[in-house]
Amino acid sequence: LLSIQMGRMDVNLMRYLEGEHFRVLVACEMGMKNHEVVPLALLAAIAKIHRGAVSKICGDLCKHSLIALERGIKCDGYRLTVRGYDFLALRALCARGVVGSVGNQIGVGKESDVYVGGDAELNDLVLKFHRLGRTSFRRIKEKRDYHQKRKNASWLYLSRLAAQKEFAFLSALAARNFPVPKAIDVCRHVVVMGLIDGITLCHVDQVEDVPGLYHKLMSLIVKFASHGLIHGDFNEFNLMLLKDDKIMVIDFPQMVSTDHHNAEYYFDRDVECIRTFFRRKFGFDSEEFPSLSDVVRRHNLDSELSASGFTKIMQKDLNKAYDEGDFNAHESDEYEDEDEEEDDEEGDEGSDMETIKEEEEEKDEKDEEELEDEKKVGEKTKKRLETCSRFDAWLEEASKQMEEVVKEEGHEHVDIITHPHQTLPSVEEREYKSDEEETPQLVDENGDEVKEKEEKKEKRERNKKRTNQTVGTRSVMSVGSTIAPEEVKRRVAMELRQNKEKTKLRAKGKQSAVSRGRKSNRDTIGEYAGWDF
Ligand code: ADP
Ligand code: MN
């Protein structure tokens with residue numbers, strides 16, 4: 001039995017991911033690769049389970065919000081939910097032995113949810129769930145028309161891309177001695193990394209050596225650039241301060257190459273974020289700051305990375321999404337998924353069935369004109385037959401892939417510990433009910449409530465003693481809340497503010513990118529260049 005709880009997740013929910021339930025969920029994931037919704041018949045075909053049984057299983061999966069039924073204009077079908085995707089990723093990571101427990105949420109961003117967890121040996125780790133389609137999701141709820149639903153597939157695709165990119169960068173950067181969390185694993189949209197026992201810089205009010213920290217950060221920006229990279233979101237929210245004043249950098253999916261046509265703008269923005277923060281927080285203003293043109297390039301991490309699995313097309317999709325805030329960017333391209341080579345020619349197989357149905361319906365309305373169009377109809381039929389055989393090939397491939405996933409991830413006795421914790425609002429709840437009061441709800445697996453309450457109290461006391469910040473996430477054996485609902489709210493508000501600022505900066509930068517006169521910083525850079533990278 002696999003039981004995981006996250007947010008308000010049912011402890012016993014993972015039970016439904018065994019056997020045929022798991023097959024159907026994976027089949028839905030496969031179908032989502034090129035269908036906005038997956039019709040029941042297709043689920044049955046991929047999973048190779050009788051339609052009647054699939055229908056019942058889908059009912060169960062819907063009840064637990066792992067999939068959702070969408071009533072489309074053309075056809076009804078199921079879509080994988082964020083929760084369903086989370087479960088698939090977690091289950092796989094458990095099956096691999098990478099993750100052994102999931103605990104409290106420690107970070108809330110616009111584009112991710114971050115949880116603390118533990119590996120099989122109960123060592124701390126961090127699970128970052130990428131959520132790139134979040135904005136699209138809201139829009140779907142607001143406006144449930146057919147076109148809006150096309151955005152369904154993109155959140156799966158883009159969230160996965162972001163996770164893959166972040167993992168690739170984490171690994172490559174660590175190998176070059178950048179101060180980043182340890183990359184442990186990646187699965188679907190989830191990156192598993194080491195836990196940083198530190199304080200996010202935005203929560204730091206006092207540091208011993210302000211100029212020293214400033215220079216450390218500027219030199220980091222330069223070090224990135226000397227490797228051909230720009231962090232792209234280098235600010236107090238993505239920097240963590242450790243006990244010994246060591247700095248760690250996090251959050252990499254938006255990294256760009258120094259060859260990017262807007263590289264200078266991104267570089268300057270990173271620099272400006274730090275300058276602004278130091279001015280505001282510490283009253284520290286320095287005329288010394290780097291500019292991209294002065295950085296000596298020593299390595300080509302950017303191209304090394306694009307050669308390693310994270311392809312140019314993937315990069316392009318993701319950049320487009322970040323640049324334009326267009327989380328649907330990839331759909332304007334011809335291909336659908338980089339995993340399947342045949343995809344280029346496939347198009348949207350979901351409409352095959354729809355087209356056939358549509359054409360049949362159209363037949364009733366046709367008159368004599370139809371005879372004149374005989375040739376056309378003949379061509380259409382021919383095309384349809386061709387599409388059908390391509391569809392068969394696709395189906396076969398999807399089925400094959402599903403079997404592989406089931407074999408790899410579908411162990412029936414994956415064990416995962418969930419330490420009882422204060423449940424946090426789910427993504428949707430945060431989006432729609434952010435003004436409502438959250439009722440903390442304790443879920444106790446062992447029924448050992450008294451002990452838990454005591455430990456929770458103890459933990460609270462301990463947290464109170466901590467200065468500034470409450471990343472009290474030391475051990476998977478710990479019990480109780482490590483992040484209070486008010487703290488989550490505060491962080492959400494902060495993230496929103498931050499994102500607003502980002503947008504403002506972006507707009508400003510776009511206007512002035514060309515016209516801005518850059519003052520020479522060669523002297524300053526001389527200083528940075530000598531530092532050990
Ligand atoms: P987002 O893209 O949502 O901003 P981040 O990677 O910045 O995602 O993570 C959000 C928050 O989660 C961070 O501000 C930080 O507080 C926390 N966090 C993320 N990764 C780690 C980690 N490896 N160790 C400790 N805390 C982390
Ligand atoms: Mn961040």
Side-chain angles (χ1 to χ4, degrees), residues 2 4-9 13-14 17 25 29 32 64-67 79-96 98-119 124-138 152-170 181 183-196 233 237-238 250-254 318 321-322 327 409 416 418 421 423-431 471 473 476 482-483 488 491-492 495:
L2 178 70
I4 292 175
Q5 65 186 73
M6 258 176 43
R8 290 233 179 107
M9 247 169 234
L13 189 49
M14 292 309 263
L17 279 192
L25 193 62
E29 182 190 23
M32 290 282 285
H64 295 283
S65 309
L66 296 172
I67 61 172
R79 63 171 173 85
L80 191 65
T81 61
V82 172
R83 180 168 302 189
Y85 204 39
D86 287 355
F87 270 129
L88 283 175
L90 270 178
R91 193 184 215 286
L93 287 164
C94 291
R96 287 182 200 168
V98 170
V99 173
S101 74
V102 183
N104 303 305
Q105 188 159 10
I106 56 167
V108 185
K110 187 187 155 216
E111 283 144 16
S112 83
D113 287 318
V114 181
Y115 286 79
V116 70
D119 65 14
D124 289 334
L125 47 76
V126 160
L127 294 128
K128 179 170 173 180
F129 292 76
H130 285 267
R131 313 240 187 255
L132 254 79
R134 201 171 269 182
T135 37
S136 316
F137 246 72
R138 187 189 285 132
N152 277 338
S154 68
W155 68 265
L156 279 170
Y157 175 71
L158 289 169
S159 299
R160 188 157 50 87
L161 278 195
Q164 282 175 5
K165 183 177 174 187
E166 180 152 56
F167 184 78
F169 274 103
L170 279 176
I184 297 172
D185 203 357
V186 62
C187 178
R188 295 179 172 89
H189 61 316
V190 180
V191 176
V192 186
M193 60 181 122
L195 174 77
I196 300 169
D233 207 3
F237 301 92
N238 293 323
I250 56 167
D251 204 359
F252 301 95
Q254 70 293 313
L318 202 59
Y322 281 117
F327 294 119
E409 303 171 359
I416 180 159
T418 311
H421 64 281
T423 51
L424 288 162
S426 69
V427 176
E428 276 104 354
E429 281 161 344
R430 244 184 284 126
E431 278 189 353
V471 188
T473 48
V476 281
T482 53
I483 173 169
V488 175
R491 289 188 198 178
V492 172
E495 289 280 351

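Count residues from 1 along the sequence.
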side-chain contact (heavy atoms from CB on, under 4.5 Å) involving A163 - partner list, sequence neighbours excluded: H130, V186, V191
Minimum heavy-atom distance [X]-[Y], with the two atoms named:
{"X": "L66", "Y": "F87", "result": "CD2-CD1, 2.8 Å"}
{"X": "T81", "Y": "I67", "result": "CG2-C, 3.6 Å"}
{"X": "F237", "Y": "I250", "result": "O-CD1, 4.2 Å"}
{"X": "L80", "Y": "M32", "result": "N-SD, 3.6 Å"}
{"X": "R188", "Y": "L88", "result": "NH1-O, 3.2 Å"}

Is there side-chain contact between [X] and [Y], with heavy atoms separated by less than 4.5 Å?
{"X": "Y115", "Y": "V190", "result": "no"}
{"X": "L195", "Y": "L125", "result": "no"}
{"X": "V126", "Y": "I106", "result": "yes"}

Matching residue for V99 among D185, D119, I184, V192 - test: side chain to side chain contact (heavy atoms under 4.5 Å, CB included): V192
CG on L132 to OH on Y157, rounded to 0.5 Å: 12.0 Å
Partners meeting ring pair (Phe, Tyr, Trp, His ring centres under 6.0 Å) with Y85 (sequence neighbours left out):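 Partners of Y85 under the ring pair (Phe, Tyr, Trp, His ring centres under 6.0 Å) test: W155, H189.
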Pair D86 + R131, salt bridge at N-O below 4.0 Å: yes
L127 and L93: CA distance, side-chain angles, deciding distance, side-chain contact (heavy atoms from CB on, under 4.5 Å) verdict: CA-CA 10 Å; L127 294 128; L93 287 164; 4.2 Å; yes
Partners meeting side chain to side chain donor-acceptor pair (under 3.5 Å) with K128 (sequence neighbours left out):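 Here the qualifying residues are E166, D251.
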